[in-house]
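Following: one structure in C-alpha coordinates, then a few remarks.
Every chain is numbered from 1, with letters handed out A, B, ... down the list of sequences.
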Amino acid sequence: MNKRTLYYVVAILIVLGVYGYERFLSEEEKSEVVEEGKATKSDTNEYFLPTSTTNQIVHHEGYSLSYNEKHEQAEWVAYELKKAHLSSVNHKRPYFEIDKAIKTGAASWRNYKNSGYDRGHLCPAGDRRFSKDAHDETFLTSNISPQEHQFNSGIWNTLEQKVRYWARKYDGVFVVTGGVLKGHMKTIGTEEVSVPNQFYKVLIDNNTGKTKMIAFLMPHKDSRKPLYDFVVSVDEIEKLTGIDFFPELEDSLENKLEASSSYKDWSFN
DNA sequence: CTGGTGATC
DNA sequence: GATCACCAG
(Lines give C-alpha, C1' and ligand atoms only; values in the text may rest on other atoms or scores of the structure.)
Protein backbone atom coordinates (compact mmCIF):
# COMPACT_ATOMS: atom_id res chain seq x y z
CA MET A 1 0.00 0.00 0.00
CA ASN A 2 1.47 3.35 -0.98
CA LYS A 3 1.47 6.41 1.22
CA ARG A 4 -1.39 8.14 -0.53
CA THR A 5 -3.65 5.11 -0.17
CA LEU A 6 -2.71 4.82 3.51
CA TYR A 7 -3.76 8.43 4.18
CA TYR A 8 -7.00 7.80 2.35
CA VAL A 9 -7.81 4.73 4.45
CA VAL A 10 -6.94 6.53 7.70
CA ALA A 11 -9.19 9.46 6.74
CA ILE A 12 -12.12 7.12 6.07
CA LEU A 13 -11.60 5.39 9.41
CA ILE A 14 -11.65 8.73 11.25
CA VAL A 15 -14.87 9.78 9.56
CA LEU A 16 -16.54 6.46 10.37
CA GLY A 17 -15.28 6.66 13.93
CA VAL A 18 -16.74 10.11 14.52
CA TYR A 19 -20.00 9.04 12.90
CA GLY A 20 -20.20 5.98 15.11
CA TYR A 21 -19.49 8.01 18.21
CA GLU A 22 -22.21 10.51 17.41
CA ARG A 23 -24.64 7.67 16.84
CA PHE A 24 -23.64 6.28 20.20
CA LEU A 25 -24.22 9.64 21.86
CA SER A 26 -27.62 10.11 20.29
CA GLU A 27 -28.74 6.63 21.35
CA GLU A 28 -27.69 7.36 24.89
CA GLU A 29 -29.63 10.61 24.81
CA LYS A 30 -32.77 8.89 23.58
CA SER A 31 -32.84 6.22 26.22
CA GLU A 32 -31.75 8.20 29.22
CA VAL A 33 -32.79 11.76 28.79
CA VAL A 34 -35.71 12.15 26.43
CA GLU A 35 -37.67 9.12 27.58
CA GLU A 36 -36.73 8.80 31.20
CA GLY A 37 -35.64 12.30 32.10
CA LYS A 38 -32.91 10.87 34.28
CA ALA A 39 -30.35 12.90 36.10
CA THR A 40 -27.67 13.45 33.52
CA LYS A 41 -26.27 16.88 34.02
CA SER A 42 -23.03 18.74 34.22
CA ASP A 43 -21.45 19.55 37.55
CA THR A 44 -21.94 23.21 36.86
CA ASN A 45 -25.60 22.62 36.18
CA GLU A 46 -26.08 20.75 39.41
CA TYR A 47 -24.28 23.37 41.42
CA PHE A 48 -26.51 26.16 40.24
CA LEU A 49 -29.83 24.38 40.16
CA PRO A 50 -32.58 26.19 42.10
CA THR A 51 -34.85 24.36 44.51
CA SER A 52 -38.16 22.96 43.30
CA THR A 53 -41.39 23.91 45.05
CA THR A 54 -43.14 21.04 43.25
CA ASN A 55 -40.62 18.24 43.70
CA GLN A 56 -40.53 17.49 40.00
CA ILE A 57 -37.17 18.34 38.50
CA VAL A 58 -36.41 16.95 35.06
CA HIS A 59 -33.05 17.05 33.34
CA HIS A 60 -32.69 17.29 29.62
CA GLU A 61 -29.44 17.44 27.69
CA GLY A 62 -29.48 21.18 27.20
CA TYR A 63 -31.45 22.37 30.23
CA SER A 64 -33.13 21.32 33.44
CA LEU A 65 -36.57 22.34 34.65
CA SER A 66 -38.98 22.14 37.56
CA TYR A 67 -42.52 21.36 36.40
CA ASN A 68 -45.63 22.71 38.07
CA GLU A 69 -48.49 20.36 37.22
CA LYS A 70 -51.24 22.63 38.49
CA HIS A 71 -50.22 25.43 36.16
CA GLU A 72 -49.11 23.04 33.38
CA GLN A 73 -45.73 24.64 32.83
CA ALA A 74 -42.27 24.89 34.33
CA GLU A 75 -41.78 27.09 37.38
CA TRP A 76 -38.18 27.44 36.23
CA VAL A 77 -35.95 26.37 33.39
CA ALA A 78 -32.21 26.50 34.05
CA TYR A 79 -29.25 26.13 31.72
CA GLU A 80 -25.74 27.28 31.15
CA LEU A 81 -25.25 29.50 28.13
CA LYS A 82 -21.59 29.11 27.26
CA LYS A 83 -19.79 31.35 24.87
CA ALA A 84 -19.18 28.27 22.73
CA HIS A 85 -22.95 27.71 22.52
CA LEU A 86 -23.45 30.91 20.56
CA SER A 87 -23.94 30.00 16.95
CA SER A 88 -25.35 31.52 13.82
CA VAL A 89 -26.46 28.18 12.38
CA ASN A 90 -30.08 28.17 11.32
CA HIS A 91 -32.29 25.20 12.04
CA LYS A 92 -35.73 24.51 10.71
CA ARG A 93 -38.38 24.97 13.39
CA PRO A 94 -39.73 21.59 14.48
CA TYR A 95 -43.19 20.94 15.94
CA PHE A 96 -43.71 21.17 19.65
CA GLU A 97 -43.83 17.83 21.40
CA ILE A 98 -45.34 16.84 24.72
CA ASP A 99 -42.44 16.24 27.08
CA LYS A 100 -42.61 12.55 27.97
CA ALA A 101 -40.17 13.05 30.83
CA ILE A 102 -42.85 14.84 32.87
CA LYS A 103 -44.36 12.04 34.92
CA THR A 104 -47.59 13.92 35.70
CA GLY A 105 -48.05 14.62 32.00
CA ALA A 106 -46.86 17.78 30.33
CA ALA A 107 -49.37 20.08 28.66
CA SER A 108 -50.30 19.56 25.05
CA TRP A 109 -49.38 22.24 22.52
CA ARG A 110 -53.08 22.18 21.51
CA ASN A 111 -53.89 24.29 24.55
CA TYR A 112 -52.09 27.14 22.83
CA LYS A 113 -53.76 26.76 19.45
CA ASN A 114 -56.04 29.71 18.71
CA SER A 115 -55.55 30.89 22.29
CA GLY A 116 -54.20 34.22 21.16
CA TYR A 117 -50.97 33.51 23.04
CA ASP A 118 -47.54 32.56 21.78
CA ARG A 119 -45.84 29.34 22.78
CA GLY A 120 -43.14 31.33 24.47
CA HIS A 121 -39.85 29.52 24.97
CA LEU A 122 -38.34 29.67 28.46
CA CYS A 123 -35.00 28.33 27.25
CA PRO A 124 -34.92 30.21 23.93
CA ALA A 125 -34.31 28.26 20.74
CA GLY A 126 -31.80 30.99 19.93
CA ASP A 127 -29.66 29.90 22.88
CA ARG A 128 -29.41 26.29 21.66
CA ARG A 129 -28.41 26.72 18.05
CA PHE A 130 -25.08 24.91 18.40
CA SER A 131 -26.67 21.60 17.42
CA LYS A 132 -29.91 20.47 15.86
CA ASP A 133 -30.64 18.17 18.80
CA ALA A 134 -30.14 20.93 21.35
CA HIS A 135 -32.28 23.28 19.27
CA ASP A 136 -35.10 20.74 18.81
CA GLU A 137 -35.05 19.91 22.50
CA THR A 138 -36.26 23.42 23.31
CA PHE A 139 -39.49 22.58 21.47
CA LEU A 140 -40.84 20.46 24.30
CA THR A 141 -44.08 21.65 25.90
CA SER A 142 -42.39 21.67 29.31
CA ASN A 143 -40.24 24.55 28.05
CA ILE A 144 -43.03 26.93 27.04
CA SER A 145 -45.38 29.36 28.70
CA PRO A 146 -48.26 31.37 27.24
CA GLN A 147 -46.95 34.80 26.27
CA GLU A 148 -48.50 37.74 24.53
CA HIS A 149 -46.87 38.10 21.15
CA GLN A 150 -46.12 41.77 21.71
CA PHE A 151 -44.31 40.90 24.92
CA ASN A 152 -42.49 37.85 23.55
CA SER A 153 -41.24 39.56 20.42
CA GLY A 154 -40.76 42.83 22.26
CA ILE A 155 -39.02 43.48 25.55
CA TRP A 156 -38.68 39.78 26.41
CA ASN A 157 -36.87 39.16 23.15
CA THR A 158 -34.67 42.17 23.85
CA LEU A 159 -33.75 40.66 27.22
CA GLU A 160 -32.95 37.29 25.64
CA GLN A 161 -30.66 38.98 23.17
CA LYS A 162 -28.96 40.85 26.00
CA VAL A 163 -28.32 37.52 27.73
CA ARG A 164 -26.58 36.27 24.60
CA TYR A 165 -24.55 39.46 24.54
CA TRP A 166 -23.48 38.87 28.15
CA ALA A 167 -22.67 35.21 27.44
CA ARG A 168 -20.34 36.40 24.71
CA LYS A 169 -18.84 39.21 26.76
CA TYR A 170 -18.40 37.34 30.05
CA ASP A 171 -17.53 33.93 28.60
CA GLY A 172 -20.79 32.30 29.60
CA VAL A 173 -23.60 32.84 32.09
CA PHE A 174 -25.97 30.55 33.95
CA VAL A 175 -29.63 31.36 33.29
CA VAL A 176 -32.85 30.63 35.20
CA THR A 177 -36.17 31.67 33.64
CA GLY A 178 -39.85 31.28 34.40
CA GLY A 179 -43.23 32.82 34.91
CA VAL A 180 -44.40 33.81 38.37
CA LEU A 181 -47.06 31.16 39.06
CA LYS A 182 -48.92 32.97 41.81
CA GLY A 183 -52.18 34.84 42.33
CA HIS A 184 -55.06 34.96 39.91
CA MET A 185 -54.11 33.95 36.41
CA LYS A 186 -56.02 33.55 33.19
CA THR A 187 -55.89 30.03 31.73
CA ILE A 188 -55.89 28.69 28.17
CA GLY A 189 -56.98 25.39 26.64
CA THR A 190 -58.73 22.33 28.01
CA GLU A 191 -55.84 21.64 30.37
CA GLU A 192 -56.08 25.18 31.74
CA VAL A 193 -52.50 26.30 31.25
CA SER A 194 -51.99 29.36 33.44
CA VAL A 195 -50.97 32.64 31.87
CA PRO A 196 -48.40 34.23 34.22
CA ASN A 197 -48.82 37.89 35.09
CA GLN A 198 -45.06 38.32 35.44
CA PHE A 199 -41.93 36.67 34.06
CA TYR A 200 -38.49 36.61 35.62
CA LYS A 201 -34.94 35.85 34.55
CA VAL A 202 -32.04 35.36 36.96
CA LEU A 203 -28.41 35.27 35.78
CA ILE A 204 -25.22 34.33 37.56
CA ASP A 205 -21.71 34.67 36.19
CA ASN A 206 -19.25 32.60 38.14
CA ASN A 207 -16.41 32.29 35.66
CA THR A 208 -14.86 35.69 35.23
CA GLY A 209 -13.27 35.75 38.66
CA LYS A 210 -15.74 37.72 40.66
CA THR A 211 -19.16 36.11 41.02
CA LYS A 212 -21.99 38.38 39.99
CA MET A 213 -25.77 38.12 39.71
CA ILE A 214 -28.57 40.06 38.10
CA ALA A 215 -32.31 39.47 38.12
CA PHE A 216 -35.17 40.83 36.01
CA LEU A 217 -38.87 40.88 36.84
CA MET A 218 -41.19 41.95 34.05
CA PRO A 219 -44.94 42.46 33.93
CA HIS A 220 -46.48 40.35 31.17
CA LYS A 221 -46.88 43.19 28.73
CA ASP A 222 -44.64 44.86 26.22
CA SER A 223 -42.73 47.94 27.25
CA ARG A 224 -40.47 50.50 25.71
CA LYS A 225 -38.64 51.13 28.95
CA PRO A 226 -34.94 50.27 29.14
CA LEU A 227 -34.06 46.79 30.42
CA TYR A 228 -32.36 48.03 33.56
CA ASP A 229 -35.66 49.45 34.75
CA PHE A 230 -36.73 45.84 35.40
CA VAL A 231 -33.76 44.84 37.53
CA VAL A 232 -34.69 43.58 41.00
CA SER A 233 -32.84 41.62 43.69
CA VAL A 234 -32.86 37.84 43.56
CA ASP A 235 -34.37 37.98 47.04
CA GLU A 236 -37.43 39.69 45.64
CA ILE A 237 -37.99 36.94 43.09
CA GLU A 238 -37.44 34.28 45.75
CA LYS A 239 -40.04 35.95 47.91
CA LEU A 240 -42.51 36.05 45.02
CA THR A 241 -41.99 32.48 43.82
CA GLY A 242 -40.84 30.55 46.88
CA ILE A 243 -37.84 29.29 44.91
CA ASP A 244 -34.34 29.31 46.40
CA PHE A 245 -32.12 30.09 43.44
CA PHE A 246 -28.53 29.33 44.33
CA PRO A 247 -28.68 27.31 47.58
CA GLU A 248 -25.27 25.76 47.04
CA LEU A 249 -23.40 29.03 46.94
CA GLU A 250 -21.47 29.79 50.08
CA ASP A 251 -24.03 31.42 52.41
CA SER A 252 -22.44 34.81 53.04
CA LEU A 253 -21.77 35.27 49.33
CA GLU A 254 -25.28 34.11 48.45
CA ASN A 255 -26.88 36.46 50.97
CA LYS A 256 -24.88 39.43 49.79
CA LEU A 257 -25.41 38.89 46.06
CA GLU A 258 -29.09 37.99 46.31
CA ALA A 259 -29.95 41.07 48.35
CA SER A 260 -28.49 43.41 45.76
CA SER A 261 -30.46 45.06 42.99
CA SER A 262 -27.41 46.80 41.62
CA TYR A 263 -26.53 46.26 37.97
CA LYS A 264 -23.22 48.07 37.94
CA ASP A 265 -21.30 44.86 37.09
CA TRP A 266 -23.39 44.20 33.98
CA SER A 267 -22.82 46.15 30.80
CA PHE A 268 -25.98 47.43 29.13
CA ASN A 269 -24.23 48.88 26.11
C1' DC B 1 -34.49 37.20 16.57
C1' DT B 2 -39.55 36.25 18.55
C1' DG B 3 -43.61 33.95 16.67
C1' DG B 4 -48.64 32.54 13.96
C1' DT B 5 -51.97 30.89 10.18
C1' DG B 6 -53.95 28.95 5.89
C1' DA B 7 -53.67 25.79 1.95
C1' DT B 8 -52.43 21.41 0.43
C1' DC B 9 -51.94 16.34 0.07
C1' DG C 1 -50.65 15.13 10.70
C1' DA C 2 -46.83 16.97 8.02
C1' DT C 3 -45.16 20.70 4.98
C1' DC C 4 -44.74 24.80 2.61
C1' DA C 5 -45.75 29.59 1.75
C1' DC C 6 -46.56 33.72 3.64
C1' DC C 7 -47.33 36.94 7.43
C1' DA C 8 -46.06 40.42 11.70
C1' DG C 9 -43.42 42.81 15.71
Subject >> A:Glu75 side-chain N/O to A:Thr53 backbone N/O, donor-acceptor pair under 3.5 Å >> reply: yes

Original post:
For A:Arg110, which contact category applies under a 4.0 Å heavy-atom criterion: base, sugar-phosphate, or nothing?
Top reply: sugar-phosphate

Subject >> Test of ring centre spacing under 6.0 Å for A:His135 and A:Phe139 >> reply: yes

Original post:
Transitively linked via ILVMFWY side-chain contacts under 4.5 Å: A:Tyr117 with A:Val180?
Top reply: no

Original post:
At what distance, to the nearest 0.5 angstrom, does CZ of A:Phe246 lie from CD of A:Glu254?
Top reply: 9.0 Å

**OP:** Measure from NE2 on A:His85 to P on B:dC1 and round the result to the nearest Å.
**Re:** 17 Å

**OP:** Choose from B:dC1, B:dG3, B:dT2 the nucleotide whose nearest atom is closest to any side-chain atom of A:Pro124.
**Re:** B:dT2

Original post:
Taking only residues two or more places apart in sequence, or in another chain, which ones meet A:Phe230 in a ring-ring contact (aromatic ring centres under 6.0 Å, His included)?
Top reply: none

**OP:** Quick one: do A:Gln56 and A:Thr104 satisfy side-chain hydrogen bond (donor to acceptor under 3.5 Å, both in side chains)? Show the steps, please.
**Re:** CA-CA 9 Å; A:Gln56 188 169 207; A:Thr104 54; 3.2 Å; yes

Original post:
Closer than 4.0 Å, any side-chain N/O of A:His121 to the OP1 or OP2 of B:dG3?
Top reply: yes

Original post:
For the side chain of A:Arg119 and the backbone of A:Pro146, is there at least one donor-acceptor N/O pair under 3.5 Å apart?
Top reply: no

**OP:** Pick base, sugar-phosphate or nothing for A:Glu160, based on heavy-atom distances below 4.0 Å to the nucleic acid.
**Re:** sugar-phosphate

Subject >> Parallel, tilted or perpendicular: rings of A:Tyr228 and A:Phe268 (30°, 60°) >> reply: perpendicular

Shorter than 3.5 Å, N or O on both sides, protein versus nucleotides 6-9 of chain B: list them out with atom names.
none

Original post:
With nearest nucleotides of DNA chain B determined for A:Gln161 and A:Tyr112 from heavy-atom distances, which residue corresponds to the more 5′ nucleotide?
Top reply: A:Gln161

Original post:
Does the distance from a Lys or Arg side-chain N to an Asp or Glu carboxylate O, for A:Lys83 and A:Asp171, drop under 4.0 Å?
Top reply: no

Original post:
Stepwise, does the side-chain hydrogen bond (donor to acceptor under 3.5 Å, both in side chains) test hold for A:Ser142 with A:Asp99?
Top reply: CA-CA 6 Å; A:Ser142 54; A:Asp99 187 349; 2.5 Å; yes

Subject >> Length of the CD1-P vector between A:Ile144 and B:dT2, whole Å >> reply: 14 Å

Original post:
Has A:Arg119 got a side-chain N or O lying under 4.0 Å from the OP1 or OP2 atom of B:dG3?
Top reply: no

**OP:** Calculate the interatomic distance between A:Asn90 atom CG and B:dT2 atom P; express it in whole Å.
**Re:** 10 Å

**OP:** Between A:Lys113 and A:Asp127, just flag the one whose closest nucleotide in DNA chain B comes earlier from the 5' side.
**Re:** A:Asp127

**OP:** Compare every heavy atom of A:Pro247 with every heavy atom of A:Thr51, then report the nearest pair and how far apart it is.
**Re:** CG2-CG, 4.1 Å

**OP:** May I ask you to say whether A:Asp205 pairs ionically with A:Lys210, meaning some side-chain N is under 4.0 Å from a carboxylate O?
**Re:** no

Original post:
Whole Å only: how far is the NE2 atom of A:His220 from the P atom of B:dT2?
Top reply: 16 Å

Using a cut-off of under 3.5 Å, enumerate the N/O to N/O pairs linking the protein to nucleotides 4-7 of chain C.
| residue | atom | partner | partner atom | Å |
| --- | --- | --- | --- | --- |
| C:dC4 | OP2 | A:Lys92 | NZ | 3.0 |

Subject >> Length of the CZ-P vector between A:Arg128 and B:dC1, whole Å >> reply: 14 Å

Subject >> Below 4.0 Å: OP1/OP2 of B:dC1 and any side-chain N or O of A:Arg164 >> reply: no

Subject >> Between B:dG3 (C1') and A:Gln147 (CD): distance, integer Å >> reply: 10 Å

**OP:** Provide, to the nearest angstrom, the distance between the CZ atom belonging to A:Phe96 and the C1' atom belonging to B:dT2.
**Re:** 11 Å

**OP:** Before giving the answer on ring pair (Phe, Tyr, Trp, His ring centres under 6.0 Å), spell out for A:Trp266 and A:Tyr170 the whole-Å C-alpha distance, their side-chain angles and the decisive distance to 0.1 Å.
**Re:** CA-CA 9 Å; A:Trp266 299 80; A:Tyr170 303 134; 5.5 Å; yes

**OP:** Scan residues 148-156 of chain A against DNA chain C and write down, sorted by residue number, each residue with any heavy atom closer than 4.0 Å; if none is found, say none.
**Re:** A:His149, A:Gln150, A:Ser153

**OP:** Write down the distance between CD1 (A:Ile188) and C1' (B:dG4), rounded to a whole number of angstrom.
**Re:** 13 Å

**OP:** Return the residues of residues 191-199 of chain A meeting this criterion: a heavy atom under 4.0 Å from some atom of DNA chain B. Order them by number, or give none.
**Re:** none

Subject >> Which residues share a salt bridge (charged side-chain N to carboxylate O under 4.0 Å, His left out) with A:Asp118, sequence neighbours left out >> reply: none

Original post:
Do A:His60 and A:Tyr79 have their ring centres less than 6.0 Å from each other?
Top reply: no

